[in-house]
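One structure below.
Counting starts at 1 for both ligands and their atoms, in listed order. FYI, the numbering just counts along the sequence from 1.
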Amino acid sequence: MTIDATTPRFEFRRAASVGEAVQWLATPGARVHAGGTDLVPNLRRGLERPSIVVDIGGIAGLAGIAWRDDACAIGATVTLARLAADARVASTYPALAEAAAAVGAPAHRSAGTVGGNLCADTRCVHYNQGAWWRGAVGGCLKRGGDVCHVAPQGRRCHAAFCGDLAPALIALSAELDVASYGGVRRMAAVDLYRDDGAAHLALLPGELVTAVRLPPPDGVSGYRKARVRGSIDFPLAGVAIALRVGQRSIERAIVAVTGVGPRPVVVGTEAIVGRRVDDETAALLATRVEQSVKPMRTTATPAAYRRQVAGVLAARLLRTLAA
Ligand SMILES: Cc1cc2nc3c(=O)[nH]c(=O)nc-3n(C[C@H](O)[C@H](O)[C@H](O)COP(=O)(O)OP(=O)(O)OC[C@H]3O[C@@H](n4cnc5c(N)ncnc54)[C@H](O)[C@@H]3O)c2cc1C
Ligand code: SF4
């Protein structure tokens with residue numbers, strides 16, 4: 001299949017079952033295609049050069065949302081639009097519905113999937129460019145070069161993971177089902193990510209995320225993001241919080257931040273557990289968030305702003321959830 005003149009040639013196969021998909025994905029260089037809203041732009045820019053692209057959109061078993069009491073299993077190809085519009089998801093896991101509704105624009109949400117969002121590539125202003133642009137600066141560590149334009153003294157890639165769903169799923173203590181030719185394993189959503197912008201997923205070659213599993217909610221939750229263009233953009237920073245507040249004070253809080261590094265950051269909340277939710281506690285959380293995230297110059301927006309905005313989003317969301 002060829003999408004346009006600059007797109008590499010590859011074989012495109014439509015899998016009818018998970019078994020067929022993982023069999024094909026065992027081929028070196030094979031890649032998954034779900035909604036294609038992240039993969040296809042990367043193919044067109046020559047950032048990906050797969051041998052085979054395996055489309056999983058036709059696998060019936062991956063497209064459902066199943067409930068057992070208040071626990072939920074969401075198939076990998078459920079679209080973000082469906083997730084955002086599902087009334088039971090919105091009332092049980094508000095953070096997840098809000099995160100799904102905040103992804104890109106309507107076209108991205110109607111094609112984009114849960115699995116694709118979790119596995120979307122990291123992003124950097126020096127990398128997500130056409131081949132001509134990248135060639136003019138000689139490539140970079142992530143592809144085609146030997147220097148990082150963000151941190152030229154370093155030897156690692158700082159490209160940022162910008163998926164909106166991941167922090168919500170991490171805050172909600174979700175697990176993932178991961179299938180391969182060798183079988184199925186389960187992993188915590190937080191363990192999907194590595195601190196390396198050039199290889200940020202802890203999936204083995206040929207592995208496919210097939211479902212997300214959520215336990216019953218433990219309190220309230222929410223997601224907020226800051227972006228340049230409110231109608232379409234990736235997060236400059238996105239914050240999810242799952243919160244349980246007792247009679248007088250916070251009993252449990254999980255805070256996760258996206259868009260600020262190669263993997264979502266889980267912020268330590270010991271300092272706010274046991275406290276009432278007031279201005280002082282919100283300011284304490286903002287400080288903890290700002291100390292925990294270390295965005296680099298991977299966007300046109302200054303890193304210091306992204307760090308500050310992450311703290312502000314967390315403080316505001318905490319107040320909103322507690323109210
Ligand atoms: C203009 C624009 C704006 C965007 N804004 C946002 C935004 O605000 N927030 C955001 O989160 N994203 C954004 N995106 C990125 C993208 O649209 C979403 O992340 C989307 O959810 C990706 O899902 P998909 O199904 O289209 O993934 P695909 O493009 O099909 O796949 C993405 C990656 O995941 C892999 N993959 C897909 N499914 C699986 C699976 N089940 N198991 C293992 N690997 C898999 C693919 O091989 C590929 O590497 C934007 C994209 C564009 C072009
Ligand atoms: S952070 Fe550095 S190595 Fe990574 S994509 Fe950007 S310029 Fe390239």
Nearest non-hydrogen protein atom, [atom]:
atom: atom 35 (C) of ligand 1; answer: C119 CB, 3.7 Å
atom: atom 7 (C) of ligand 1; answer: G104 N, 3.2 Å
atom: atom 49 (O) of ligand 1; answer: R31 NH2, 2.4 Å
atom: atom 46 (C) of ligand 1; answer: V32 O, 3.1 Å
atom: atom 16 (C) of ligand 1; answer: T37 OG1, 3.2 Å

Have a look at ligand 1 and work out which part of [X], if any, has a heavy atom under 4.0 Å from it: side chain, backbone, both or neither.
X: R109; result: neither
X: T77; result: neither
X: A105; result: neither

Need the ligand 1 atom indices (1-based, order shown) with element for anything under 4.0 Å from a heavy-atom of [X].
X: G163; answer: 11 (O)
X: A34; answer: 25 (O), 30 (O), 37 (C), 38 (N)
X: G35; answer: 24 (P), 25 (O), 26 (O), 30 (O)

| said: So if I apply the side-chain contact (heavy atoms from CB on, under 4.5 Å) rule between V150 and each of C140, C157, C124, which one comes out positive? | reply: C124
| Does I56 reach ligand 1, in the sense of a heavy atom lying below 4.0 Å from it? |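 Under 4.0 Å: yes for I56.
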Backbone N/O of [Y] and side chain of [X]: donor-acceptor pair under 3.5 Å:
X: R229; Y: I232; answer: no
X: H108; Y: D38; answer: no
X: R224; Y: R316; answer: no
X: R155; Y: V147; answer: no

| query | Is the shortest distance from a heavy atom of A159 to ligand 2 less than 4.0 Å? | reply |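 Right, A159 reaches ligand 2.
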| Within C157, is some N, O or S atom less than 2.8 Å away from atom 4 (Fe) of ligand 2? | yes
| task | Using a cut-off of strictly less than 2.8 Å, determine whether H126 has an N/O/S atom near atom 8 (Fe) of ligand 2. | result | no
| Selection from D164, L118, L43, V178 by shortest heavy-atom distance to atom 9 (N) of ligand 1 | D164
| said: For E175, is there an ion pair with R213 - N to carboxylate O distance below 4.0 angstrom? | reply: no
